[in-house]
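Structure first, then comments.
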Amino acid sequence: MNILEKKVISFDDIILVPQYSRITSRSEIDTSTTINYKNNKIELKIPIISSPMSTVTEAHMCNAIRSLGGLGIIHRYNSIDFQAKLLSFVNDDKVKSAAIGVSGDFKERLSALVEKGLKIVCIDVAHGDHVLVREAIEYIRNEYEELFIIAGNVATADGYKRLSEWGANAVRTSVGSGSICTTRIQTGHGIPTLNAVIQCYEAKKSILDDGGIPAYIIADGGIKNSGDIVKSIAAGADFVMLGSMLSGTKETPGKIILNNEGKKIKRYNGMASKVAQKNWKGSYSSIEGVSSYVPYKGTISKVVNEIMSNVRSGMSYSGVTSIKELREESIAVIQTSSSHLEGNPHIFNRR
Ligand code: IMP
């Protein structure tokens, strides 16, 4: 084993420094990003992508998050026919997205989705810096040149560079950070999301300096509040992918259940959890996730509007009016654990 003398940092290890602000109204703040891709332009008014998970994104979520300015990717843990049917219910033709794997029926699945108007394909595997992902990207590039390809997940700058070179248009970053993830415990591997984003953003800048076209960066996993979204974007992410923060909303698949205390809850399953694997294929192997119940949160518009209001407020603290400015002008410092503790409500812990 080679031990690198480096420390990895996670969201709570940094804090953004408030700076002079000229912003008098949050309406001055623009959170949009335009994806320019071949002859296509896709505008995302908010930098949020809902994760391709069976308890997060099907057609309802896609339509609802799109109407709020984001993007949803239909999960792949279903039959080809069912996934294709879900895709046909997505209203905005420009952003029909679905996820596929890299083995088994993936070519057949892809072809069925393309027939239903697929525009964005997400190669959805846990370890994206992998020869099978390379082969899948090459296959898609040859067969379906026009598709926008999201691939991942990667944890390193080199991984990001490789996926960019192979032809991915956007890369999901971080391994083992998800709220329902046990990968680090089971395998001893992973890198926190913030750290992965920082590394990938360095690589992105060097690709730009060399005149190349780098992939967009999607911070994925472990984003637990709007502050983490602001930090992800400040660190270099173009978009964040959310699972738990969107789970439990009305538009997620699954029923509302009443728990023993009469409170409304919904399921939120890690895709490598025993429950999710059994639901999908009737059996399970190599479990790297857990399944859980989360409180019912109401409509996605209520949840996302609240998140975005906080993100805009965060941008105002940094004195910036756009995503680009946030990335270029924000300043972060490493914080101690007592500084982190002070940042949480502490009236109840006083002695
Ligand atoms: P969250 O937003 O922290 O809940 O993380 C969601 C992300 O966790 C997803 O977008 C995936 O990248 C990842 N993920 C989903 N299911 C699993 C699992 O079962 N094990 C490990 N990671 C998972």
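FYI, side chains are in, hydrogens and waters are out, and symmetry mates aren't considered; it's all heavy atoms of this structure. These figures come from a predicted structure and were not determined experimentally. Just follow the structure's listing: the first ligand is 1, and inside any ligand the first atom is 1.
Donor-acceptor pairing under 3.5 Å is recorded for the side chains of Glu325 and Thr321. Between the side chains of Thr252 and Thr55, not a single donor N or O lies within less than 3.5 Å of an accepting N or O. Defined by atom type and a distance below 3.5 Å, a donor-acceptor pair is missing between the side-chain atoms of Glu202 and Ser206.
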Taking it one step at a time, do Ser174 and Thr193 satisfy side-chain hydrogen bond (donor to acceptor under 3.5 Å, both in side chains)? CA-CA 5 Å; Ser174 109; Thr193 303; 3.1 Å; yes
Before you tell me yes or no, could you show the steps for Asn279 and Arg267 under side-chain hydrogen bond (donor to acceptor under 3.5 Å, both in side chains), namely the whole-Å CA-CA distance, both residues' side-chain angles and the distance that decides it to 0.1 Å? CA-CA 13 Å; Asn279 285 348; Arg267 277 210 93 105; over 6 Å; no
Quick one: table the atom pairs, ligand 1 N or O against protein N or O, below 3.5 Å, distance rounded to 0.1 Å.
from     : atom 1 : to     : atom 2 : distance (Å)
ligand 1 : 2 (O)  : Gly243 : N      : 2.9
ligand 1 : 2 (O)  : Ser244 : N      : 3.3
ligand 1 : 3 (O)  : Ser179 : N      : 2.9
ligand 1 : 3 (O)  : Gly222 : N      : 2.8
ligand 1 : 4 (O)  : Ser179 : OG     : 2.6
ligand 1 : 4 (O)  : Ser244 : N      : 2.9
ligand 1 : 4 (O)  : Tyr268 : OH     : 2.6
ligand 1 : 10 (O) : Ser51  : OG     : 2.7
ligand 1 : 10 (O) : Arg172 : NH2    : 3.4
ligand 1 : 10 (O) : Asp220 : OD1    : 2.6
ligand 1 : 10 (O) : Asp220 : OD2    : 3.4
ligand 1 : 12 (O) : Arg172 : NH2    : 3.2
ligand 1 : 12 (O) : Asp220 : OD1    : 3.3
ligand 1 : 12 (O) : Asp220 : OD2    : 2.6
ligand 1 : 16 (N) : Met271 : N      : 2.9
ligand 1 : 19 (O) : Met271 : N      : 3.0
ligand 1 : 19 (O) : Ala272 : N      : 2.6
ligand 1 : 20 (N) : Glu288 : O      : 2.7

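Listed by chain and residue number, nothing satisfies the side chain to side chain donor-acceptor pair (under 3.5 Å) test with Ser67 (two or more places apart in sequence, or in another chain).
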